[in-house]
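Below is the structure I would like to discuss, written out as structure tokens.
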Amino acid sequence: MTDPTPHTVTAADLTLEEKAALTSGADFWTTKSIDRINVPSIMVTDGPHGLRKQTGSGDHLGLEDSVPATCFPPAVALGSSWDPELIERVGAAIGTEAVIEDVAVVLGPGINIKRSPLCGRNFEYFSEDPIVSGVLGAASVRGIQSRGVGTSLKHFAVNNQEFDRMRASSDIDARPLREIYLRGFEHVVRREQPWTVMCSYNRINGVYASEDPWLLTTVLRDEWGFEGLVVSDWGAVNERVAALIAGLDLEMPASGGRTDAQLVAAVGDGTLDEAVLDTAANRNLALIQRSQQRPAADSPLDVDAHHALAREAAARSIVLLKNDGDLLPLADERIAVIGAFAAEPRYQGAGSSLINPTRLDSALDEIRALAAGEVSYAPGFAVPGSKNNPDQTAEQLRDDAAAAATAADIAVVFLGLPAVEESEGFDREHINLPAEQLALLDAVIDANSNVVVVLSNGGVVALPFNDRVPAIVEAWLLGQAGGGGIADVLFGAVNPSGKLTETIPVRLEDNPSYGNFPGEFGHVRYGEGILVGYRWYDARNIDVVYPFGHGLSYTSFDYGQVTAETVDSGIRVTVDVTNTGARDGREVVQVYTGLAQSAVQRAPRELKAFASVALAAGETRTIELHIDREDLAYWDIRVDRWVVEGGEYTIDVAASSRDIRSSTTVTVDGDAVDVPLTMESSIGDLLRNPVSGPIMRGAMSGMFGDQSHNDAESAQEPDTDDTLAKILESFPIGRIVGFPNVPVTYEQIEQLIAAANSATQQ
Ligand code: BGC
């Protein structure tokens, strides 16, 4: 480690040129040193599910090699554990590896929302739900930072596709922006104070994230209290001076001095206040000083221990989608392992997160190690881009696989997406598995109906064979020890407990972003608004193959009657959960809320809390979950702030978003929202106001008859009072003045409004 920087160094000790230089990188991965006053350079490195420390000529696209590091399961998998404790431990291990490699900041976690299954980078993100993304992202930050290493929470913000990612504008309304796309970031920033936040490439409503003062300063710092440094994504800076003014403290990677000179010139000609540059320089100094304080590594990397953790995490990430007739776990059957991914694992996605693993387990070897019976293997298909493909036609490969399945008791078929189809930098065009693999599966099913499909994929795939196979294991991309994790689950050494953090739709066309993804001519419209993922499928009552939150176990769980009560900080939810089977297991208990009579659009059910709970066979535990009051809030566009709406909320305790086990209701007091009355306010608004309401009702009964009178004169005729009330509900009060039979003056209404407004302000 470099000599500690004296804590006293501040921007005041630097020349203008030094300050400008300090706020951009020296090369791909390091900041600039200022030797004159002993300011060292620090190194930052990808992330998120392991270290990608490059030593030679660097790149940010995962093209050049990096030093070996443990490749833990990427977020798509780890997220399926729904377990902050596990994710924190993985984070701490990554932090330890960073300390050993003298890396100051790990570039992750990525917590962008999975808006479309097509996003090429979904494997790096946790969920389609903001609470899951926020809670799990916070756990990752906590773990990494516990080792005195910084994180970079990314990609801030609304970066949900790879297509045209460096220019496209995510055109989005305030509610989805706040409630879906920023909510997770807000959670992590407020609770964990990541050392850095990485701004994304894209524009938001036309403004580049890197030069958006509203995003980088008003929201991030003023509202959420962020104290760290904002770094650009690699090459995200469009206009350096505008970016610095907006709140971007560090441009990465290097600009060869070109944009540093722009800062110096801007201070010179008065377009940039030097104090703004001082602030950014001070944040860089603070980051450097902070990173110098971490304890030095006291031992080399324990490759075995980290590999074991990677295996534990992999097994915990697997989602058992289907297990008819308890086909799994395997025992001493004769097993035909089919599919090239069994021998040549797909275990991570391509791009900046590509890790050079310390080891790599194949599922085939690990199955052989655990199996009591005979194990045969047939590759079944060629993997596009692989150097190890057998020299056989597709038909021969299929025939061999069918023969292996015939000779076995059970066929375990490894299918998945080829690496060339999933990467940072581009999106998928469909969600189908390769036709060749589906044809292979048909041939295997014809040969032997005892089929277990094991999937390797970073983004969800369509499952047209769902009704034709008894068992499906969603094994995502599981990192370097995924092979062992898969074997552990197949043989029951680990009881599966992962659950889906994203919906598996029947068809891509059912997805809410369909038609609005990936946009055109530089704009992508977030037309589905707040109805992202399961919120949409539930609101539209659309069938899905497997719902958000779904995942099976080799045991079963019973839920007791849920109870819920309001407490100051939100709602306390309590439920008894019993492991009713013969095996120890874990259940991910989920809590959803709904508010049927709402003033704003809402999804029928929104996840608000969850817990991953270990239960021994036969054990019952009382699980207490907490819904934070702030998580009940919607973003109110009238007053531009979070508002908790009062009312009777449904509390559903569930094993998945479509497997509700127990429900109750709880009455929540709402926040007061004072929207001042104006001449534009409707008659309905004035009627609801406690001051103007009674006066209005009195006046209106004189004009139109008694508005409280609801008895229709005849059951056959429409209730004219009621109809009139509905029409007047949205009639602007100022425009009724002068109507025939409306004996009020403009001034009288102004007085009434003034009286109502002053009463509310008191
Ligand atoms: C990616 C970031 C990454 C950076 C550095 C960018 O292309 O979007 O996630 O941290 O490169 O590799």
Side-chain angles (χ1 to χ4, degrees), residues 24-31 42-67 69 71 74-76 94 98 101 103-114 119-126 133 137 140-141 144 149-168 170 185 188 194-204 208-210 228-238 248 250-255 287 348-356 422-427 458 518:
S24 75
D27 55 27
F28 257 107
W29 305 118
T30 61
T31 61
I42 57 170
M43 180 173 220
V44 302
T45 282
D46 284 298
H49 50 271
L51 276 198
R52 186 171 69 97
K53 181 184 174 184
Q54 295 188 309
T55 43
S57 62
D59 71 88
H60 65 299
L61 299 172
L63 304 175
E64 297 293 331
D65 269 355
S66 49
V67 301
C71 179
V76 60
I94 294 169
E101 291 294 340
V103 167
V105 176
V106 176
L107 301 176
I111 61 161
N112 296 81
I113 291 291
K114 300 190 197 207
C119 173
R121 227 173 163 179
N122 274 359
F123 64 86
E124 265 190 79
Y125 301 140
F126 288 110
S133 304
S140 173
V141 169
I144 296 172
V149 172
T151 53
S152 200
L153 186 68
K154 67 189 188 182
H155 305 89
F156 190 57
V158 209
N159 173 196
N160 310 95
Q161 65 189 49
E162 292 300 281
F163 173 76
D164 208 12
R165 66 171 168 162
M166 297 186 76
R167 298 179 307 177
S170 302
F185 284 95
V188 182
W195 289 16
T196 80
V197 165
M198 184 189 292
C199 78
S200 56
Y201 286 126
N202 52 291
R203 291 177 290 151
I204 302 169
Y208 277 107
S210 63
L229 168 144
V230 177
V231 58
S232 73
D233 198 344
W234 270 227
V237 171
N238 172 52
L248 189 280
L250 176 61
E251 175 183 30
M252 286 301 284
S255 73
L287 177 70
Q348 64 175 334
S352 62
S353 67
L354 195 83
I355 286 147
N356 177 15
E422 287 191 291
S423 172
E424 174 180 345
F426 59 88
D427 298 317

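All residue numbers in this chain count up from 1 along the given sequence. Values below: every heavy atom of this structure, side chains too, minus hydrogens, waters and symmetry copies. In each ligand, atom 1 is the first atom listed, and ligand 1 is the first ligand listed. This is a predicted model, so every value here is computed, not measured.
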Where on Trp29 is there a heavy atom closer than 4.0 Å to ligand 1, on the side chain, on the backbone, on both, or on neither?
->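 Trp29 to ligand 1: side-chain contact only, backbone stays beyond 4.0 Å.
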Is it the side chain (CB and beyond), the backbone, both or neither of Lys154 that lies under 4.0 Å from ligand 1, heavy atoms counted?
->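 Contact part for Lys154 vs ligand 1: side chain (C-beta onward).
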Pick one of side chain, backbone, both or neither for how Arg52 approaches ligand 1, counting any non-hydrogen atom pair under 4.0 Å.
->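 Side chain only; the backbone of Arg52 stays clear of ligand 1.
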Of all residues at least two apart in sequence or in a different chain, which pass the side chain to side chain contact (heavy atoms under 4.5 Å, CB included) check with Ser423?
->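 For Ser423 the side chain to side chain contact (heavy atoms under 4.5 Å, CB included) partners, ignoring immediate neighbours, are Ala350, Phe426.
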Does the side chain of Ser210 pick up a donor-acceptor pair with the side chain of Arg203 at under 3.5 Å?
->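 Checked: Ser210/Arg203 side chains show no N/O donor-acceptor pair below 3.5 Å.
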Report the part of Arg121 in contact with ligand 1, treating N, CA, C, O as backbone and CB onward as side chain, heavy atoms under 4.0 Å; options are side chain, backbone, both, neither.
->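 Just the side chain.
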Sub-4.0 Å heavy-atom contact, Tyr201 with ligand 1 =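 It does; at least one heavy atom falls under 4.0 Å.
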Side chain to side chain contact (heavy atoms under 4.5 Å, CB included) with Lys53: which of Val103, Ile355, Asp46?
->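 In the set Val103, Ile355, Asp46, the residue that makes a side chain to side chain contact (heavy atoms under 4.5 Å, CB included) with Lys53 is Val103.
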Within 45° cone of Tyr201 ring axis and under 6.0 Å: Arg165 NZ or CZ =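 The answer is no, since Arg165 fails at least one limit relative to Tyr201.
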Heavy-atom contacts with Arg165 under 4.0 Å: which atoms of ligand 1 show up? List them by number with element.
->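 The list of qualifying atoms is 7 (O), 8 (O).
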In terms of atom number and element, which parts of ligand 1 are under 4.0 angstrom from non-hydrogen atoms of Leu107?
->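 Listed by number with element, the hits are 10 (O).
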Shortest non-hydrogen contact from Ser152 to Thr196?
->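 For Ser152 and Thr196, the tightest heavy-atom pair comes out as OG-OG1, 2.7 Å.
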Output yes when the distance from some N or O of ligand 1 to some N or O of His155 is under 3.5 Å, and no in every other case.
->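 Yes, at least one N or O pair falls under 3.5 Å.
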Short side-chain donor-acceptor distance under 3.5 Å, Ser66 and Gln54 |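 There is no such pair (donor and acceptor under 3.5 Å, judged by atom type) between the side chains of Gln54 and Ser66.
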So is Met198 in contact with ligand 1, going by heavy-atom distances below 4.0 Å?
->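 Yes, Met198 has a heavy atom closer than 4.0 Å to ligand 1.
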Do ligand 1 and Asp233 have nitrogen or oxygen atoms that lie under 3.5 Å from each other?
->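 Such a contact does occur with ligand 1.
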Working to the nearest 0.5 Å, report the span between CZ of Phe126 and OG of Ser133.
->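 Between Phe126 CZ and Ser133 OG, I get 8.0 Å after rounding to 0.5 Å.
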Residue Glu424 vicinity, atoms of ligand 1 by number, heavy atom under 4.0 Å |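 Answer for ligand 1: 1 (C), 6 (C), 7 (O), 8 (O).
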Measure the acute angle between the ring planes of Phe156 and Phe185, then classify it against the limits of 30° and 60° as parallel, tilted or perpendicular.
->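 The rings of Phe156 and Phe185 sit tilted, inter-plane angle from 30° to 60°.
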Glu162 contact mode with ligand 1 (heavy-atom cut-off under 4.0 Å) |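 No part of Glu162 comes within reach of ligand 1.
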